[in-house]
Amino acid sequence: MNPPDDLAIHPAFRGEGEQVIRRLQKLEEWKARGVEPYAWRYPRRDTTEGLRAKFHDLENGAESGYRASLAGRLMAFRRHGKASFADLEDGWGRIQLMAAVDSLGGEGYQLFQELDIGDWVGVEGPVFRSRRGELTVRVEEFRLLSKSLRPLPEKWHGLKDVELRYRRRYLDLLVNPEVKRKLLVRVKTIREVRRFLDDRDFLEVETPMLHLIPGGAAARPFVTYHHALGEELYLRIAPELYLKRCLVGGLEKVYEINRNFRNEGISYKHNPEFTMLEFYWAFVDYLDLASFLEEMLSEVVGRVMGTLKFTYQGREMDFTPPWRRTTLLEAVSAAVGEKVDSSTSPDKWKELAERHSVPLEEGWGPGKAATELFEKLVEPELWEPTLVMDYPREVSPLARAHRSDPFLTERFELIAAGRELANAFSELIDPLDQRERFEQQARQRERGDEEAHVVDYDYLRAMEYGMPPAGGLGLGIDRLVMILTDSHSIREVILFPHLRPV
RNA sequence: GGGCCGCUAGCUCAGUUGGCAGAGCACCGGACUUUUAAUCCGGGUGUCCUGGGUUCGAGUCCCAGGCGGCUCACCA
(Lines give C-alpha, C1' and ligand atoms only; values in the text may rest on other atoms or scores of the structure.)
Protein backbone atom coordinates (compact mmCIF):
# COMPACT_ATOMS: atom_id res chain seq x y z
CA MET A 1 0.00 0.00 0.00
CA ASN A 2 1.23 3.46 -0.84
CA PRO A 3 2.25 5.80 1.95
CA PRO A 4 -0.34 8.44 2.86
CA ASP A 5 -0.37 11.21 0.27
CA ASP A 6 -2.38 14.14 1.50
CA LEU A 7 -2.93 15.51 -1.99
CA ALA A 8 -4.79 12.37 -3.03
CA ILE A 9 -7.10 12.43 -0.03
CA HIS A 10 -10.63 13.69 -0.27
CA PRO A 11 -10.67 17.12 1.38
CA ALA A 12 -13.29 15.98 3.86
CA PHE A 13 -10.72 13.62 5.38
CA ARG A 14 -7.72 15.93 5.65
CA GLY A 15 -6.31 15.69 9.11
CA GLU A 16 -7.80 12.27 9.82
CA GLY A 17 -5.67 9.65 11.51
CA GLU A 18 -3.61 7.00 9.85
CA GLN A 19 -6.29 4.33 10.07
CA VAL A 20 -8.91 6.36 8.24
CA ILE A 21 -6.44 7.36 5.54
CA ARG A 22 -5.45 3.74 4.98
CA ARG A 23 -9.05 2.67 4.65
CA LEU A 24 -9.70 5.46 2.15
CA GLN A 25 -6.71 4.34 0.11
CA LYS A 26 -7.96 0.77 0.24
CA LEU A 27 -11.33 1.98 -1.01
CA GLU A 28 -9.70 3.66 -3.99
CA GLU A 29 -7.57 0.63 -4.75
CA TRP A 30 -10.58 -1.66 -4.67
CA LYS A 31 -12.50 0.66 -6.98
CA ALA A 32 -9.52 0.73 -9.35
CA ARG A 33 -9.56 -3.08 -9.34
CA GLY A 34 -13.21 -3.03 -10.36
CA VAL A 35 -14.65 -3.98 -6.97
CA GLU A 36 -17.82 -2.05 -6.12
CA PRO A 37 -17.42 -1.15 -2.44
CA TYR A 38 -21.11 -0.26 -1.93
CA ALA A 39 -23.40 -3.04 -3.07
CA TRP A 40 -27.04 -2.55 -4.03
CA ARG A 41 -28.35 -5.74 -2.48
CA TYR A 42 -27.35 -9.10 -1.12
CA PRO A 43 -29.92 -11.88 -1.11
CA ARG A 44 -28.83 -13.58 2.09
CA ARG A 45 -30.77 -16.69 2.97
CA ASP A 46 -29.63 -17.28 6.54
CA THR A 47 -29.13 -15.44 9.80
CA THR A 48 -26.60 -16.21 12.51
CA GLU A 49 -29.42 -17.09 14.87
CA GLY A 50 -31.06 -19.36 12.31
CA LEU A 51 -27.83 -21.27 11.76
CA ARG A 52 -27.26 -21.67 15.48
CA ALA A 53 -30.75 -23.06 15.92
CA LYS A 54 -30.43 -25.38 12.95
CA PHE A 55 -27.02 -26.80 13.94
CA HIS A 56 -27.02 -26.61 17.73
CA ASP A 57 -26.33 -30.35 17.96
CA LEU A 58 -23.68 -30.56 15.24
CA GLU A 59 -20.67 -32.33 16.74
CA ASN A 60 -17.21 -30.84 17.05
CA GLY A 61 -15.25 -31.30 13.86
CA ALA A 62 -18.36 -32.28 11.88
CA GLU A 63 -19.55 -30.89 8.55
CA SER A 64 -23.23 -30.00 8.25
CA GLY A 65 -23.44 -30.39 4.51
CA TYR A 66 -25.44 -27.13 4.47
CA ARG A 67 -24.34 -24.17 2.38
CA ALA A 68 -25.12 -20.94 4.23
CA SER A 69 -25.52 -17.43 2.90
CA LEU A 70 -25.07 -14.62 5.41
CA ALA A 71 -24.67 -10.88 5.48
CA GLY A 72 -23.28 -8.76 8.27
CA ARG A 73 -20.49 -6.70 9.68
CA LEU A 74 -16.97 -8.02 10.34
CA MET A 75 -16.23 -7.53 14.03
CA ALA A 76 -12.95 -9.39 14.54
CA PHE A 77 -10.10 -11.00 12.62
CA ARG A 78 -7.75 -13.77 13.65
CA ARG A 79 -5.31 -14.14 10.80
CA HIS A 80 -3.08 -17.21 10.56
CA GLY A 81 -1.15 -16.95 7.35
CA LYS A 82 -2.90 -18.99 4.71
CA ALA A 83 -6.06 -19.40 6.77
CA SER A 84 -8.00 -16.82 8.76
CA PHE A 85 -10.90 -16.62 11.15
CA ALA A 86 -13.27 -13.71 11.43
CA ASP A 87 -16.44 -12.89 13.35
CA LEU A 88 -19.46 -11.78 11.40
CA GLU A 89 -22.27 -9.97 13.20
CA ASP A 90 -25.77 -9.57 11.84
CA GLY A 91 -28.96 -8.31 13.44
CA TRP A 92 -29.32 -11.48 15.47
CA GLY A 93 -25.86 -12.34 16.69
CA ARG A 94 -22.39 -13.42 15.66
CA ILE A 95 -20.87 -16.37 13.93
CA GLN A 96 -17.33 -17.36 13.07
CA LEU A 97 -16.09 -17.32 9.48
CA MET A 98 -13.12 -19.28 8.26
CA ALA A 99 -11.35 -18.26 5.09
CA ALA A 100 -8.43 -20.12 3.56
CA VAL A 101 -6.46 -20.29 0.38
CA ASP A 102 -7.96 -23.76 -0.12
CA SER A 103 -11.53 -22.52 -0.38
CA LEU A 104 -11.07 -19.05 -1.83
CA GLY A 105 -8.02 -19.36 -4.05
CA GLY A 106 -4.99 -17.12 -3.83
CA GLU A 107 -6.57 -14.00 -5.26
CA GLY A 108 -9.83 -14.30 -3.35
CA TYR A 109 -8.01 -15.00 -0.12
CA GLN A 110 -5.77 -11.97 -0.66
CA LEU A 111 -8.86 -9.78 -1.07
CA PHE A 112 -10.46 -11.28 2.04
CA GLN A 113 -7.29 -10.50 3.98
CA GLU A 114 -7.60 -6.87 2.97
CA LEU A 115 -11.05 -6.46 4.54
CA ASP A 116 -11.20 -4.27 7.61
CA ILE A 117 -13.06 -4.69 10.85
CA GLY A 118 -16.33 -2.86 10.39
CA ASP A 119 -16.79 -3.74 6.72
CA TRP A 120 -20.15 -5.19 5.72
CA VAL A 121 -19.85 -8.39 3.73
CA GLY A 122 -22.02 -11.09 2.24
CA VAL A 123 -20.57 -14.60 2.51
CA GLU A 124 -21.47 -18.02 1.27
CA GLY A 125 -20.12 -21.45 2.14
CA PRO A 126 -20.61 -24.69 4.04
CA VAL A 127 -21.37 -24.73 7.74
CA PHE A 128 -19.25 -26.88 10.06
CA ARG A 129 -18.30 -27.01 13.69
CA SER A 130 -14.61 -26.50 14.40
CA ARG A 131 -12.53 -28.88 16.48
CA ARG A 132 -12.79 -26.39 19.33
CA GLY A 133 -16.58 -26.44 19.04
CA GLU A 134 -17.26 -23.16 17.27
CA LEU A 135 -20.02 -23.12 14.65
CA THR A 136 -18.29 -21.78 11.55
CA VAL A 137 -18.99 -20.87 7.96
CA ARG A 138 -16.19 -21.77 5.56
CA VAL A 139 -16.10 -18.83 3.18
CA GLU A 140 -16.13 -19.97 -0.43
CA GLU A 141 -17.55 -16.77 -1.85
CA PHE A 142 -17.78 -13.31 -0.41
CA ARG A 143 -18.70 -9.81 -1.50
CA LEU A 144 -17.93 -6.48 0.05
CA LEU A 145 -21.31 -4.88 0.72
CA SER A 146 -20.22 -1.62 2.29
CA LYS A 147 -16.77 -0.28 3.08
CA SER A 148 -16.21 1.05 6.59
CA LEU A 149 -13.88 4.04 6.66
CA ARG A 150 -13.44 4.47 10.39
CA PRO A 151 -12.07 2.05 12.98
CA LEU A 152 -14.62 0.78 15.49
CA PRO A 153 -14.13 1.15 19.23
CA GLU A 154 -12.04 -1.48 20.91
CA LYS A 155 -13.42 -5.01 21.11
CA TRP A 156 -12.76 -5.66 24.75
CA HIS A 157 -13.49 -2.44 26.63
CA GLY A 158 -15.96 -1.17 24.05
CA LEU A 159 -17.13 2.43 24.13
CA LYS A 160 -17.23 3.75 27.67
CA ASP A 161 -17.04 7.52 27.38
CA VAL A 162 -20.60 8.47 28.26
CA GLU A 163 -20.60 11.51 26.05
CA LEU A 164 -19.41 9.55 23.05
CA ARG A 165 -21.91 6.80 23.79
CA TYR A 166 -24.78 9.29 23.52
CA ARG A 167 -23.38 11.33 20.65
CA ARG A 168 -22.48 8.26 18.59
CA ARG A 169 -25.24 5.95 19.69
CA TYR A 170 -24.76 3.86 16.53
CA LEU A 171 -21.35 2.83 17.89
CA ASP A 172 -22.77 2.26 21.34
CA LEU A 173 -25.37 -0.07 19.81
CA LEU A 174 -22.69 -1.81 17.83
CA VAL A 175 -20.24 -2.58 20.60
CA ASN A 176 -22.22 -2.53 23.85
CA PRO A 177 -24.80 -5.34 23.87
CA GLU A 178 -26.58 -3.84 26.87
CA VAL A 179 -27.74 -0.91 24.75
CA LYS A 180 -29.59 -3.14 22.36
CA ARG A 181 -31.06 -5.14 25.21
CA LYS A 182 -32.47 -1.96 26.73
CA LEU A 183 -33.84 -0.84 23.39
CA LEU A 184 -35.58 -4.18 22.97
CA VAL A 185 -37.18 -3.84 26.41
CA ARG A 186 -38.44 -0.43 25.37
CA VAL A 187 -39.82 -1.74 22.10
CA LYS A 188 -41.54 -4.65 23.84
CA THR A 189 -42.97 -2.43 26.54
CA ILE A 190 -44.58 -0.10 24.04
CA ARG A 191 -45.79 -3.05 21.99
CA GLU A 192 -47.39 -4.68 25.04
CA VAL A 193 -49.05 -1.47 26.15
CA ARG A 194 -50.55 -1.08 22.68
CA ARG A 195 -51.64 -4.68 22.61
CA PHE A 196 -53.28 -4.40 26.02
CA LEU A 197 -55.27 -1.35 25.00
CA ASP A 198 -56.07 -2.59 21.50
CA ASP A 199 -57.39 -5.84 23.00
CA ARG A 200 -59.81 -3.75 25.04
CA ASP A 201 -61.11 -1.82 22.06
CA PHE A 202 -59.22 1.40 22.65
CA LEU A 203 -58.62 3.37 19.47
CA GLU A 204 -55.13 4.70 18.92
CA VAL A 205 -55.45 8.22 17.57
CA GLU A 206 -52.98 10.88 16.55
CA THR A 207 -53.57 14.40 17.75
CA PRO A 208 -51.62 17.54 16.87
CA MET A 209 -48.05 18.07 17.97
CA LEU A 210 -48.20 21.70 16.85
CA HIS A 211 -50.49 23.59 19.19
CA LEU A 212 -51.84 27.11 19.01
CA ILE A 213 -52.39 26.98 22.75
CA PRO A 214 -50.12 24.70 24.76
CA GLY A 215 -52.34 22.91 27.25
CA GLY A 216 -52.97 19.77 29.21
CA ALA A 217 -50.06 20.17 31.60
CA ALA A 218 -48.22 22.73 33.66
CA ALA A 219 -45.00 23.24 31.74
CA ARG A 220 -43.12 25.72 29.59
CA PRO A 221 -43.49 24.92 25.90
CA PHE A 222 -41.09 25.14 22.99
CA VAL A 223 -42.11 27.87 20.58
CA THR A 224 -41.93 27.51 16.82
CA TYR A 225 -43.19 29.47 13.84
CA HIS A 226 -45.32 28.72 10.81
CA HIS A 227 -44.11 30.90 7.96
CA ALA A 228 -47.04 30.62 5.54
CA LEU A 229 -49.57 31.31 8.27
CA GLY A 230 -47.38 33.81 10.01
CA GLU A 231 -48.21 32.51 13.44
CA GLU A 232 -46.42 31.20 16.46
CA LEU A 233 -47.04 27.60 17.34
CA TYR A 234 -46.05 25.51 20.34
CA LEU A 235 -44.78 21.97 20.44
CA ARG A 236 -47.28 20.16 22.57
CA ILE A 237 -46.68 19.66 26.25
CA ALA A 238 -49.50 17.07 26.41
CA PRO A 239 -52.16 15.61 24.11
CA GLU A 240 -54.80 15.76 26.83
CA LEU A 241 -57.14 18.45 25.56
CA TYR A 242 -57.32 16.95 22.07
CA LEU A 243 -57.94 13.45 23.36
CA LYS A 244 -60.78 14.79 25.49
CA ARG A 245 -62.22 16.50 22.42
CA CYS A 246 -62.36 12.96 21.02
CA LEU A 247 -64.58 12.02 23.97
CA VAL A 248 -66.93 14.85 23.03
CA GLY A 249 -66.90 13.46 19.50
CA GLY A 250 -68.21 10.15 20.76
CA LEU A 251 -64.99 8.12 20.79
CA GLU A 252 -65.39 6.31 24.08
CA LYS A 253 -61.93 4.78 24.40
CA VAL A 254 -58.96 6.55 22.87
CA TYR A 255 -55.23 6.54 23.46
CA GLU A 256 -52.06 8.01 22.06
CA ILE A 257 -48.45 6.96 22.61
CA ASN A 258 -46.16 9.65 21.38
CA ARG A 259 -43.77 12.45 22.14
CA ASN A 260 -44.36 15.46 24.35
CA PHE A 261 -42.00 18.40 24.59
CA ARG A 262 -41.28 20.42 27.68
CA ASN A 263 -38.92 23.35 27.77
CA GLU A 264 -37.49 22.64 31.17
CA GLY A 265 -34.35 21.46 32.85
CA ILE A 266 -32.60 18.30 31.74
CA SER A 267 -31.82 15.72 34.38
CA TYR A 268 -31.45 12.00 34.89
CA LYS A 269 -35.23 11.76 34.76
CA HIS A 270 -36.06 14.58 32.36
CA ASN A 271 -35.44 14.77 28.62
CA PRO A 272 -36.87 17.72 26.63
CA GLU A 273 -38.81 15.29 24.47
CA PHE A 274 -40.25 12.23 26.09
CA THR A 275 -42.78 9.55 25.33
CA MET A 276 -46.12 9.37 27.10
CA LEU A 277 -49.12 7.16 26.92
CA GLU A 278 -52.37 8.97 27.49
CA PHE A 279 -55.72 7.25 27.36
CA TYR A 280 -59.28 8.41 28.01
CA TRP A 281 -62.17 6.14 28.74
CA ALA A 282 -65.80 7.20 28.92
CA PHE A 283 -68.06 6.23 31.83
CA VAL A 284 -65.30 5.27 34.31
CA ASP A 285 -63.83 7.19 37.23
CA TYR A 286 -60.39 7.34 38.81
CA LEU A 287 -61.04 4.34 41.02
CA ASP A 288 -61.75 2.24 37.95
CA LEU A 289 -58.54 3.60 36.44
CA ALA A 290 -56.49 2.65 39.48
CA SER A 291 -57.53 -0.99 39.13
CA PHE A 292 -57.11 -0.86 35.38
CA LEU A 293 -53.58 0.51 35.74
CA GLU A 294 -52.68 -2.31 38.12
CA GLU A 295 -54.01 -4.80 35.61
CA MET A 296 -52.30 -3.14 32.67
CA LEU A 297 -48.87 -2.71 34.21
CA SER A 298 -48.78 -6.12 35.85
CA GLU A 299 -49.59 -7.67 32.48
CA VAL A 300 -47.14 -5.50 30.54
CA VAL A 301 -44.33 -5.88 33.07
CA GLY A 302 -44.98 -9.60 33.34
CA ARG A 303 -44.78 -10.10 29.59
CA VAL A 304 -41.69 -7.94 29.16
CA MET A 305 -39.76 -9.13 32.21
CA GLY A 306 -41.18 -12.60 32.68
CA THR A 307 -41.73 -11.69 36.33
CA LEU A 308 -43.18 -8.90 38.45
CA LYS A 309 -40.29 -8.98 40.90
CA PHE A 310 -36.88 -7.72 39.89
CA THR A 311 -34.22 -5.37 41.14
CA TYR A 312 -33.88 -1.71 40.28
CA GLN A 313 -30.62 0.01 41.19
CA GLY A 314 -29.83 -2.72 43.67
CA ARG A 315 -33.22 -2.63 45.40
CA GLU A 316 -36.15 -5.00 45.17
CA MET A 317 -39.02 -3.82 42.97
CA ASP A 318 -42.33 -5.65 42.91
CA PHE A 319 -45.20 -4.80 40.59
CA THR A 320 -47.50 -7.51 41.94
CA PRO A 321 -50.98 -6.03 42.47
CA PRO A 322 -52.68 -4.81 44.49
CA TRP A 323 -50.24 -1.98 45.05
CA ARG A 324 -50.08 -0.01 48.22
CA ARG A 325 -52.61 2.83 48.31
CA THR A 326 -52.55 5.96 50.39
CA THR A 327 -53.91 9.45 50.00
CA LEU A 328 -51.74 12.48 49.59
CA LEU A 329 -52.94 13.98 52.86
CA GLU A 330 -52.45 10.70 54.75
CA ALA A 331 -48.94 10.43 53.36
CA VAL A 332 -48.11 14.01 54.32
CA SER A 333 -49.63 13.48 57.76
CA ALA A 334 -47.35 10.52 58.33
CA ALA A 335 -44.36 12.47 57.10
CA VAL A 336 -44.88 15.53 59.27
CA GLY A 337 -45.96 13.48 62.27
CA GLU A 338 -49.31 15.15 62.73
CA LYS A 339 -52.71 15.03 61.15
CA VAL A 340 -53.28 17.36 58.21
CA ASP A 341 -56.47 17.49 56.18
CA SER A 342 -58.62 19.67 53.96
CA SER A 343 -59.30 22.09 56.75
CA THR A 344 -55.68 22.62 57.77
CA SER A 345 -55.14 26.38 57.79
CA PRO A 346 -52.71 28.26 55.55
CA ASP A 347 -50.74 29.34 58.61
CA LYS A 348 -50.44 25.75 59.75
CA TRP A 349 -49.14 24.71 56.33
CA LYS A 350 -46.63 27.51 56.45
CA GLU A 351 -45.45 26.41 59.86
CA LEU A 352 -45.16 22.76 58.79
CA ALA A 353 -43.25 23.72 55.68
CA GLU A 354 -40.80 25.80 57.67
CA ARG A 355 -40.34 23.07 60.23
CA HIS A 356 -39.41 20.64 57.44
CA SER A 357 -37.32 23.13 55.47
CA VAL A 358 -39.60 23.10 52.47
CA PRO A 359 -39.66 26.61 51.01
CA LEU A 360 -43.08 27.88 49.96
CA GLU A 361 -43.66 30.71 47.54
CA GLU A 362 -45.86 33.74 47.84
CA GLY A 363 -49.33 33.06 46.54
CA TRP A 364 -49.31 29.33 47.11
CA GLY A 365 -52.45 28.11 48.80
CA PRO A 366 -52.85 25.14 51.13
CA GLY A 367 -53.30 22.72 48.20
CA LYS A 368 -50.01 23.70 46.64
CA ALA A 369 -48.33 23.65 50.03
CA ALA A 370 -49.62 20.14 50.72
CA THR A 371 -48.41 18.94 47.32
CA GLU A 372 -45.03 20.58 47.80
CA LEU A 373 -44.60 18.84 51.14
CA PHE A 374 -45.61 15.56 49.55
CA GLU A 375 -43.14 15.92 46.71
CA LYS A 376 -40.27 16.90 48.96
CA LEU A 377 -40.86 14.65 51.94
CA VAL A 378 -42.78 11.63 50.71
CA GLU A 379 -42.33 11.02 47.01
CA PRO A 380 -38.55 10.39 47.03
CA GLU A 381 -39.09 7.74 49.72
CA LEU A 382 -41.79 5.76 47.90
CA TRP A 383 -39.97 2.85 46.34
CA GLU A 384 -42.40 0.08 45.49
CA PRO A 385 -45.35 1.01 43.27
CA THR A 386 -47.73 3.15 45.30
CA LEU A 387 -51.01 4.74 44.29
CA VAL A 388 -51.28 8.16 45.88
CA MET A 389 -54.90 9.23 45.78
CA ASP A 390 -56.73 12.55 46.00
CA TYR A 391 -54.54 15.46 44.95
CA PRO A 392 -55.62 18.98 45.93
CA ARG A 393 -57.81 20.90 43.54
CA GLU A 394 -55.37 23.80 43.53
CA VAL A 395 -52.75 21.80 41.64
CA SER A 396 -55.17 19.88 39.40
CA PRO A 397 -56.88 22.28 37.00
CA LEU A 398 -58.15 19.55 34.69
CA ALA A 399 -59.30 17.02 37.27
CA ARG A 400 -62.80 16.67 38.59
CA ALA A 401 -63.51 17.86 42.12
CA HIS A 402 -63.65 15.07 44.65
CA ARG A 403 -67.23 13.88 45.18
CA SER A 404 -66.90 14.15 48.94
CA ASP A 405 -64.32 16.90 49.49
CA PRO A 406 -64.15 20.14 47.48
CA PHE A 407 -60.55 20.77 48.58
CA LEU A 408 -59.49 17.70 46.62
CA THR A 409 -59.84 16.19 43.18
CA GLU A 410 -60.38 12.62 42.08
CA ARG A 411 -56.82 12.23 40.97
CA PHE A 412 -54.04 9.77 41.71
CA GLU A 413 -50.43 9.33 40.78
CA LEU A 414 -48.49 6.11 40.58
CA ILE A 415 -45.17 6.60 42.29
CA ALA A 416 -42.33 4.07 42.01
CA ALA A 417 -38.61 4.36 42.67
CA GLY A 418 -39.25 7.79 44.13
CA ARG A 419 -40.66 9.30 40.98
CA GLU A 420 -43.95 9.82 39.23
CA LEU A 421 -44.76 7.11 36.69
CA ALA A 422 -48.42 7.82 35.99
CA ASN A 423 -51.05 10.42 36.69
CA ALA A 424 -54.78 9.90 36.32
CA PHE A 425 -58.09 11.42 37.23
CA SER A 426 -61.79 11.48 36.90
CA GLU A 427 -61.98 14.07 34.17
CA LEU A 428 -63.49 17.44 34.78
CA ILE A 429 -66.49 17.47 32.44
CA ASP A 430 -68.39 20.46 33.80
CA PRO A 431 -67.64 23.31 31.35
CA LEU A 432 -68.50 26.01 33.87
CA ASP A 433 -66.16 24.54 36.49
CA GLN A 434 -63.47 24.16 33.82
CA ARG A 435 -63.91 27.82 32.82
CA GLU A 436 -63.38 28.89 36.41
CA ARG A 437 -60.25 26.73 36.71
CA PHE A 438 -58.82 28.20 33.53
CA GLU A 439 -59.53 31.70 34.78
CA GLN A 440 -57.82 30.85 38.03
CA GLN A 441 -54.82 29.62 36.03
CA ALA A 442 -54.87 32.79 33.93
CA ARG A 443 -54.63 34.87 37.09
CA GLN A 444 -51.63 32.79 38.20
CA ARG A 445 -50.11 33.34 34.80
CA GLU A 446 -50.54 37.08 35.11
CA ARG A 447 -48.69 36.86 38.38
CA GLY A 448 -45.76 35.41 36.48
CA ASP A 449 -46.31 31.67 36.67
CA GLU A 450 -45.14 30.66 33.21
CA GLU A 451 -46.35 27.13 33.69
CA ALA A 452 -49.94 28.04 34.45
CA HIS A 453 -52.50 27.17 31.80
CA VAL A 454 -53.64 29.50 29.07
CA VAL A 455 -57.41 29.63 28.63
CA ASP A 456 -58.40 27.39 25.73
CA TYR A 457 -61.79 28.70 24.60
CA ASP A 458 -62.11 26.16 21.82
CA TYR A 459 -61.73 23.41 24.36
CA LEU A 460 -64.32 25.02 26.61
CA ARG A 461 -66.72 25.24 23.67
CA ALA A 462 -66.19 21.53 22.96
CA MET A 463 -66.99 20.76 26.60
CA GLU A 464 -70.15 22.84 26.38
CA TYR A 465 -71.54 20.39 23.84
CA GLY A 466 -71.27 17.74 26.52
CA MET A 467 -68.36 15.53 27.52
CA PRO A 468 -69.28 12.12 28.91
CA PRO A 469 -68.06 11.25 32.38
CA ALA A 470 -64.62 9.74 31.84
CA GLY A 471 -61.35 8.77 33.36
CA GLY A 472 -58.00 9.68 31.81
CA LEU A 473 -54.49 8.49 32.51
CA GLY A 474 -50.97 9.46 31.49
CA LEU A 475 -48.02 7.09 31.81
CA GLY A 476 -44.39 8.07 31.31
CA ILE A 477 -43.03 5.40 29.02
CA ASP A 478 -39.38 6.40 29.38
CA ARG A 479 -39.57 6.28 33.16
CA LEU A 480 -41.26 2.90 33.13
CA VAL A 481 -38.59 1.57 30.77
CA MET A 482 -35.88 3.00 33.05
CA ILE A 483 -37.21 0.84 35.86
CA LEU A 484 -37.54 -2.23 33.65
CA THR A 485 -34.00 -1.86 32.28
CA ASP A 486 -32.37 -0.95 35.59
CA SER A 487 -31.26 2.38 34.11
CA HIS A 488 -30.27 5.24 36.35
CA SER A 489 -30.61 7.85 33.62
CA ILE A 490 -33.46 8.51 31.20
CA ARG A 491 -30.79 8.91 28.52
CA GLU A 492 -30.07 5.22 28.70
CA VAL A 493 -33.53 4.41 27.38
CA ILE A 494 -33.73 7.12 24.72
CA LEU A 495 -31.76 6.21 21.61
CA PHE A 496 -30.69 9.73 20.79
CA PRO A 497 -30.99 11.90 23.89
CA HIS A 498 -30.61 15.63 23.55
CA LEU A 499 -27.04 16.93 23.88
CA ARG A 500 -25.59 20.35 23.27
CA PRO A 501 -23.72 20.68 19.99
CA VAL A 502 -19.98 20.29 20.43
C1' G B 1 -28.06 28.18 37.33
C1' G B 2 -24.59 26.45 41.97
C1' G B 3 -20.96 22.66 43.80
C1' C B 4 -17.74 18.51 42.69
C1' C B 5 -15.35 15.48 38.94
C1' G B 6 -13.69 14.43 33.96
C1' C B 7 -11.66 15.61 28.76
C1' U B 8 -4.11 12.57 26.78
C1' A B 9 -3.38 7.87 20.13
C1' G B 10 -9.17 5.07 16.58
C1' C B 11 -10.93 2.85 21.71
C1' U B 12 -9.82 1.86 27.13
C1' C B 13 -6.58 4.21 30.25
C1' A B 14 -1.39 5.62 32.80
C1' G B 15 1.49 10.07 33.06
C1' U B 16 5.79 11.16 39.49
C1' U B 17 8.22 17.37 42.19
C1' G B 18 7.04 21.48 36.04
C1' G B 19 12.18 18.44 32.49
C1' C B 20 12.34 14.02 25.38
C1' A B 21 4.32 11.90 25.34
C1' G B 22 3.14 6.02 27.08
C1' A B 23 0.62 0.98 27.79
C1' G B 24 -3.16 -2.67 26.14
C1' C B 25 -6.39 -3.43 22.11
C1' A B 26 -6.82 -1.45 17.13
C1' C B 27 -3.38 -0.16 13.10
C1' C B 28 1.37 -0.93 9.91
C1' G B 29 5.65 -4.54 8.36
C1' G B 30 7.17 -9.82 8.96
C1' A B 31 6.16 -15.36 10.48
C1' C B 32 2.11 -18.74 10.86
C1' U B 33 -3.74 -23.60 7.47
C1' U B 34 -8.29 -24.86 13.52
C1' U B 35 -8.05 -19.71 15.98
C1' U B 36 -11.73 -17.36 19.12
C1' A B 37 -9.19 -11.13 23.94
C1' A B 38 -4.93 -16.26 18.62
C1' U B 39 0.47 -16.29 19.20
C1' C B 40 5.63 -14.63 18.07
C1' C B 41 9.16 -10.54 16.10
C1' G B 42 9.47 -5.33 14.74
C1' G B 43 7.00 -0.23 14.36
C1' G B 44 3.88 4.97 18.41
C1' U B 45 0.53 6.65 14.49
C1' G B 46 -0.75 12.58 19.19
C1' U B 47 -4.41 19.94 18.07
C1' C B 48 -2.60 16.20 25.74
C1' C B 49 -10.74 19.97 24.79
C1' U B 50 -9.88 25.50 23.30
C1' G B 51 -7.66 30.37 24.21
C1' G B 52 -4.64 33.27 27.25
C1' G B 53 -0.90 33.63 31.36
C1' U B 54 3.40 32.22 34.71
C1' U B 55 8.15 29.81 33.56
C1' C B 56 14.54 28.71 30.65
C1' G B 57 10.75 24.85 30.04
C1' A B 58 3.46 23.39 30.95
C1' G B 59 -0.30 17.25 29.71
C1' U B 60 1.10 18.95 34.76
C1' C B 61 0.62 25.46 37.79
C1' C B 62 -2.89 30.09 37.16
C1' C B 63 -7.14 32.62 34.47
C1' A B 64 -11.19 32.45 30.97
C1' G B 65 -14.16 29.45 27.92
C1' G B 66 -16.35 24.63 25.65
C1' C B 67 -18.48 19.77 26.21
C1' G B 68 -19.90 15.85 29.44
C1' G B 69 -20.96 13.14 34.18
C1' C B 70 -22.68 13.26 39.27
C1' U B 71 -25.32 16.28 42.58
C1' C B 72 -28.33 20.39 44.40
C1' A B 73 -31.85 23.81 42.52
C1' C B 74 -35.59 23.91 38.76
C1' C B 75 -39.31 20.44 37.02
C1' A B 76 -47.73 17.40 37.35
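Quick note on labels: first sequence line is chain A, next is B, and so on, each numbered from 1.
For RNA chain B, the neighbouring residues in residues 374-389 of chain A, judged by any heavy atom under 4.0 Å, are A/Lys376.
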Compile the donor-acceptor pairs under 3.5 Å between side chains in residues 366-379 of chain A and protein atoms, sequence neighbours left out, one pair per line.
from, atom 1, to, atom 2, distance (Å)
A/Thr371, OG1, A/Gly367, O, 2.8
A/Glu372, OE2, A/Lys376, NZ, 3.1

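Partners of A/Glu278 by side-chain hydrogen bond (donor to acceptor under 3.5 Å, both in side chains), not counting sequence neighbours, listed by chain and number: A/Tyr280.
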Quick one: which protein N/O atoms are closer than 3.5 Å to N/O atoms of nucleotides 65-67 of chain B? Pair and distance per line, please.
from, atom 1, to, atom 2, distance (Å)
B/C67, O3', A/Arg167, NH2, 3.0
B/C67, O2', A/Glu163, OE1, 3.3
B/C67, O2', A/Glu163, OE2, 2.0
B/C67, O2', A/Arg167, NH2, 2.9

What pairs of nitrogen or oxygen atoms, one from the protein and one from nucleotides 37-42 of chain B, lie under 3.5 Å apart?
from, atom 1, to, atom 2, distance (Å)
B/A37, O3', A/Lys155, NZ, 3.1
B/A37, N1, A/Trp156, NE1, 3.4
B/A38, OP1, A/Lys155, NZ, 2.3
B/A38, N7, A/Arg79, O, 3.4
B/A38, N6, A/Arg79, O, 2.7
B/A38, N1, A/His80, ND1, 3.3

Polar pairs (N or O, both sides) under 3.5 Å between protein and nucleotides 47-51 of chain B?
none

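Between the side chain of A/Glu134 and the base of B/U35 there is no donor-acceptor pair of N/O atoms closer than 3.5 Å. No hydrogens or angles were tested; on distance alone, a donor-acceptor pair under 3.5 Å links the side chain of A/Ser130 to the base of B/U35.
With a 6.0 Å cutoff to the six-membered ring centre and a 45° limit on the axis angle, A/Lys54 counts as a cation-pi contact of A/Tyr66.
The gap from the P atom of B/G59 to that of B/U54 amounts to 16 Å, rounded to the nearest Å.
The A/Arg411 side chain lies nearest to B/A76 when the options are B/U71, B/A76, B/U35. With B/G10, B/U33, B/U12 as the candidates, the nucleotide lying closest to the side chain of A/Leu159 is B/U12.
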